[in-house]
Every structure is written in C-alpha cells, then in structure tokens.
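In what follows, every heavy atom counts, from backbone to side chain, and hydrogens, waters and symmetry copies are set aside.
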Amino acid sequence: MSSATHPPMMTLDEALQRLTSAAAGHRLQAQEAVPTAQALGRVLASPVQSTLDVPPADNSAMDGYAVRFADLVPGAYGAVVLPVSQRIAAGTPGQPLVPGTAARIFTGAQVPAGADTVLMQEICEALPAAVDVAGDVARVRISLATAPKLGQAIRRRGEDVAMGATVLRAGARLTPQALGLAAAVGLAELPVLRRPRVALFSTGDELAMPGEPLKPGAIYNSNRFTLRALLQAAGCEVQDLGIVPDRLDATRAALRTAARDADLIVTSGGVSVGEEDHLRPAAQAEGRLDLWQIAIKPGKPLAFGAIRRGDDDASGEALFIGLPGNPVSSFVTFLVTVAPVLRALQGMPATLPQSLPLRAAFDWPRADKRREFLRVQLTPEGELALFDNQGSGVLTSTVWADGLVDNPAGQAIARGDTVRFLPLASLIAA
C-alpha cells in the first residue's frame, strides 16, 4: 500500500467499495448456537426453516360462536337460534361440532371439526331461559342483520408460516420481532456468527479521562466513549486499550497488542501527517497502510490498512481503520465507513441505509466541494431543522440531531428543497 505525503482525495462511494471489499475478504466464519432469548442483535449464520405450520390448526380470531355456515338459516325476525353444544377455550381442543348447534369459542381456540365459520359475540345474544348443568348458556340467538360470510373470523392453519418455509435468512440481524418469529416456529436456539472483535484506542498526549484533573492544554477523551458505545451498539466485542501516548514505540506496541485477537482495529486521532502523528509510520512498520482523504465533511483524513498478528504471513492480520480526532468528524466517519465494514465482516449488505426524501426548513447557501453530512432534527411539521453550528468539534450537535442530511458535493440548499435524510437510528443500529 502507498503512503503519499498528500493523500489523494477520493469519493465516499469509492472509499466504501475499497473498505467493504477488503472486509468481505475477512468475513467471519465461526458460529455458535445461542438461546433464542439471548440472540437479540446477533447475526444469523444460516437460514432458519419452520418445522411446523403456524398456526398449527384453524383457530378463532375472536370471542364468539363457531357454527356450520349451512345452519345459519334465518327464522323469525332475521335471527337464528341454536343450542350451544360445547365451550372451547384456548389450549383445550373441542369435540366435533354437532350439526345444528353452536360452540362457544374464545380467541385462539382451535375451531372444532365440522365448524366452518365463527360469529363474533357482539351479534349473538345468550338466552338465559335454559342453562346446562355447568351454568353455561344452552342456547344462543344470532342476529343476521349483517350477512355472515363463510369462513369468517377463522385463522387458517399455516396462513402465517407453512411447514418448511424459510422464516429468517442468513445474514439478518436478529430483531425483537425476529426472535418472536423464531419462538413461534418452536426454535429454542439459533445459529449465529460470533461477534466481531474490535480493538479500540485513542492517541494524543492532550487527552485526559473524565474524573482526572484537566491540565492546561488538555481535553477530556470523548471519542473513546462515543466510539466504544457505537461498537457495542453494533454488537461487537470491544477491547478498549485506552489512550496511547504520542510516541512511535508506544503506538507500534498498541497495534501489536490490538492485532492479536481483533478482527478490526479502530483508532481516533493521529491520522494526519504532522510530526506528532505516529499512526502512519507505526502501521506501516506493523503491517500495511493507505492514508486517504475522503471528500466528505465533516471528516476527511482516514487511514486504512491491516496489521500483522505475528511475524509470518500464516498468522493472519487484523483490519485497521484510523479515524480523525475531531469528535464530530470521528462520529460521522464511523457511521459512514466503520459501520459498513462491520456489516461486511458479517456478510450483511454494506451500503449506507436508504435515505428519506424530506423538505428542508433551512437555507444552506454555502455549497462545498465535498459531500456534506449536516446535523438536523425532524420537526413536528415533518421538515428538517438545521443545527446552528456545523463545526467538526461541536459534539452537542450530535446529541441534538436525530439524523443527517446527505448533501451532494457542490449543492446548495434553499428552504423548501427536498433533501436526503438519514436517521441516526438507521445508521447506528443497521
């Protein structure tokens, strides 16, 4: 890999293609079986097929009476009176329905053989004049003011899932609803990929940890907390190596430690070409490196490469991404580069989420030559408001915002224009 003093500017799309292609070559293979209740956020390693029909039998969609449609012959006053031959609660199979009778039935209960229609209880009137020994109503009057339909209010066997159908695809991140579907088809555990292992550290002698006295010229290390949380939200196992001093030997040692077990190393700061930026020579000494400038704002410098796990090629390597140090630049660059790489490692689609076309409630006359990601907030009127200060060090903008406007290079925005909105929720948890 090359390491030009003045890295060439490349588009985000080109950078993503290179990043995700490299990540696909390091795709995770190891998998494990985990209890379904503990699989939230994990990535499914192989497709899941149903071993049964869902529902497993015809059942009632409401409380009411199961009848034979042929028995609904109206008598006086447009009503039918039928004797109630049985009572069927959910979980208790009934007996075959005697012709000319109705079965009291409750939501979710299995429809008895012989019944082909369920009538909701709101159009039925219990007749108290005759009751059986259990105290249940023995007859029911059914109003036919609204003509019933054959088969109404019955959920058919297999109408949700047919036996043998693929219910969850490989590479899908398991959501709460996916876990519910897995449970519905009787799966007590699921095959998932192991979590991506990511080593994280920050560089900079100016960095201090919250709780420590803040010396002159120092700042608290916000990137460590932001990036660690983003990695955890993406389902990664994080090895946090803390703050690495601005020394070449210390940076090389940190990279060697990080590469031992990690699939990916993520750093913040030190990716420029200044005298105190040691990541570039350290990464070159411990592996291979490209230093790029990506045509995005905020965020421009990005280091990408791989670090050897040992002294020989057989030991393999860990991918490496060095993010800029400014907190907003680090945050945005993670969302548009690191997050897709993590998805590619797990065999998931590695493109950015689909943007939403929404109307801008602001003017942005300063068109930039780079592709911009503007921090915005969705208003009650369904428009997008802009945070006043779009500086790369203004971390408050990332807390205030609930999304980014993905603005093409060279494009100004006038109030009322349709822009491309990327919700932060879709970028972080995709």
Side-chain angles (χ1 to χ4, degrees), residues 9-16 19 219-231 233-234 268-269 271-272 292-302 321 323-340 343 350-430:
M9 188 85 75
M10 70 173 65
T11 67
L12 176 60
D13 290 339
E14 181 184 2
L16 275 177
L19 288 166
I219 58 172
Y220 287 124
N221 185 5
S222 62
N223 284 347
R224 181 178 184 181
F225 293 84
T226 302
L227 296 176
R228 177 173 179 147
L230 285 169
L231 289 167
S268 65
V271 294
S272 296
W292 301 340
Q293 287 189 348
I294 302 180
I296 63 172
K297 183 179 181 181
K300 181 169 69 172
L302 183 79
I321 299 179
L323 302 176
N326 281 327
V328 180
S329 298
S330 179
F331 175 72
V332 170
T333 308
F334 180 100
L335 295 180
V336 300
T337 63
V338 178
R343 293 194 288 273
T351 56
L352 293 179
Q354 182 66 44
S355 62
L356 303 175
L358 293 177
R359 189 166 59 244
F362 61 88
D363 294 307
W364 187 252
R366 304 185 298 273
D368 197 276
K369 64 180 180 180
R370 290 180 283 169
R371 182 174 173 178
E372 297 176 286
F373 291 92
L374 307 173
R375 277 79 72 207
V376 294
Q377 188 179 87
L378 189 62
T379 70
E381 293 75 30
E383 298 180 332
L384 298 173
L386 184 74
F387 194 80
D388 290 339
N389 189 340
Q390 292 287 315
S392 61
V394 185
L395 195 55
T396 50
S397 68
T398 65
V399 177
W400 175 89
D402 49 28
L404 305 174
V405 165
D406 180 0
N407 192 42
Q411 182 166 303
I413 299 172
R415 185 181 298 269
D417 285 351
T418 298
V419 294
R420 302 185 302 196
F421 176 66
L422 293 170
L424 285 182
S426 68
L427 288 164
I428 292 172

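Atom CE in Met9 sits 5.0 Å away from atom NZ in Lys369 (nearest 0.5 Å). Remark: Ser329 OG to Leu323 CG distance equals 10.0 Å, nearest 0.5 Å. Note that CG of Leu356 and CG of Leu422 are 8.0 Å apart. Values are rounded to the nearest 0.5 Å. One finds the OG1 atom of Thr333 at 4.5 Å from the CD1 atom of Ile296 (value rounded to the nearest 0.5 Å). A distance of 7.5 Å separates CG of Asn389 from OG1 of Thr396, quoted to the nearest 0.5 Å. Note that CG of Leu302 is 4.0 Å distant from CD1 of Ile294, once rounded to the nearest 0.5 Å.
By the side chain to side chain contact (heavy atoms under 4.5 Å, CB included) test, Val332 pairs with Pro298, Val328, Phe373, sequence neighbours left out. Under the side chain to side chain donor-acceptor pair (under 3.5 Å) criterion, Arg415 pairs with no residue at all, not counting sequence neighbours. Scored by the side chain to side chain contact (heavy atoms under 4.5 Å, CB included) test, Ala385 finds Thr379, Trp400 as partners (sequence neighbours excluded). Applying the side chain to side chain contact (heavy atoms under 4.5 Å, CB included) rule to Leu378 yields the partners Leu358, Leu384, Asp402; only residues at least two apart in sequence or on another chain are considered. Residues passing the side chain to side chain donor-acceptor pair (under 3.5 Å) test with Asp388: none are found, sequence neighbours excluded. For Leu16, the side chain to side chain contact (heavy atoms under 4.5 Å, CB included) partners at least two apart in sequence or on another chain are Leu12, Pro340, Leu352.
A 6.0 Å sphere centred on CZ of Arg359 holds no more than 12 heavy atoms belonging to other residues, nucleotides or ligands.
Remark: the backbone N or O of Asp406 is not paired with any side-chain donor or acceptor of Arg371 at under 3.5 angstrom. Checked by atom type and distance alone, the side chain of Asp368 pairs as donor or acceptor with a backbone atom of Arg370 at under 3.5 Å.
Nearest heavy atoms, Ala233 versus Ile428: CB-CG2, 3.9 Å. Closest heavy-atom contact between Asn407 and Gln411: ND2-O, 2.8 Å. When all heavy atoms of Pro327 and Asn223 are compared, the pair lying nearest together is CA-OD1, 3.3 Å. Val419 and Ala360 get closest at one heavy-atom pair: CG1-CB, 4.2 Å.
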Practice item. Starting from the C-alpha separation in whole Å, work towards a yes-or-no answer on side-chain contact (heavy atoms from CB on, under 4.5 Å) for Leu395 and Ser222. Key: CA-CA 9 Å; Leu395 195 55; Ser222 62; 3.9 Å; yes

Review point. How far apart are the C-alpha atoms of Phe334 and Leu231, what are their side-chain angles, what is the distance that settles it, and do they pass the side-chain contact (heavy atoms from CB on, under 4.5 Å) test?
Key: CA-CA 9 Å; Phe334 180 100; Leu231 289 167; 3.7 Å; yes

Check your understanding: Going through the checks in order, is the side-chain contact (heavy atoms from CB on, under 4.5 Å) test met by Trp292 and Leu19?
Key -> CA-CA 12 Å; Trp292 301 340; Leu19 288 166; 4.0 Å; yes

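Residues Arg375 and Ser397 bring a donor and an acceptor atom of their side chains to less than 3.5 Å of each other. Side-chain atoms of Glu372 and Trp364 include a donor-acceptor pair closer than 3.5 Å.
Using a 4.5 Å heavy-atom cutoff, the side chains of Pro423 and Phe421 are in contact. Side-chain contact between Val405 and Ile413 is present, with heavy atoms from C-beta onward closer than 4.5 Å. Looking at heavy atoms from C-beta onward, Leu335 lies in side-chain contact with Leu230 at the 4.5 angstrom threshold.
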